[in-house]
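These figures come from a predicted structure and were not determined experimentally. Note that these values count all heavy atoms, side chains included, but never hydrogens, waters or copies made by symmetry.
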Amino acid sequence: MGMIIVHNYFAIKNIYIEVTDKCNMLCEYCYNQHRRKSIDIEVSYIQDLIFSLHNLAGNSVGIILSGGEFFLHKKWRSILDICDKYDLY
């Protein structure tokens, strides 16, 4: 997570959300290979997190959606809709 210090306050520049650990690749260099358990974070939890971030920082914070493979999350479209709702890209 990138941070910028402004007048003794920490400002969140970017946040990474690992929405799933599912992956359809077997990359040798992957840091996540040993953790694959086919777990998806609930969309309601992601929505609460994004809502809280938006209330704290508006749309000035960058959201990086990752995993495993983001598009293997069963509700990836819903997650993108939530980001769109709060103008987060």
Least distance between heavy atoms, G68 atom then C23 atom: CA-CB, 4.1 Å
Quick one, I17 and I64 - any side-chain contact, counting heavy atoms below 4.5 Å? no
Report whether L72 and I46 are members of the same hydrophobic cluster (ILVMFWY, side-chain heavy atoms less than 4.5 Å apart, transitive linking). no
Hey, quick one: are Y16 and L56 part of the same hydrophobic cluster, counting side-chain heavy atoms closer than 4.5 Å, chains of contacts allowed? no
Over 60° means perpendicular and under 30° means parallel, so classify the ring planes of W76 and F71, tilted if in between. perpendicular
Please say which of L49, L53, N55 ends up in a side chain to side chain contact (heavy atoms under 4.5 Å, CB included) with F51. N55
Could you tell me whether the side chain of S66 reaches within less than 4.5 Å of the side chain of T20, counting heavy atoms only? no
Once you round to the nearest 0.5 Å, how far does CD1 of I82 lie from NZ of K75? 10.0 Å
H73 (side chain) donor-acceptor with I41 (main chain) under 3.5 angstrom: yes
Decide yes or no for V19 and I79: does some side-chain heavy atom of the first lie under 4.5 Å from some side-chain heavy atom of the second? yes
Is the closest side-chain heavy-atom distance between H54 and K85 below 4.5 Å? no
Measuring only between side-chain heavy atoms, which start at C-beta, is L65 closer than 4.5 Å to L80? yes
Are K22 and D40 side-chain neighbours, meaning at least one heavy-atom pair lies under 4.5 Å? yes
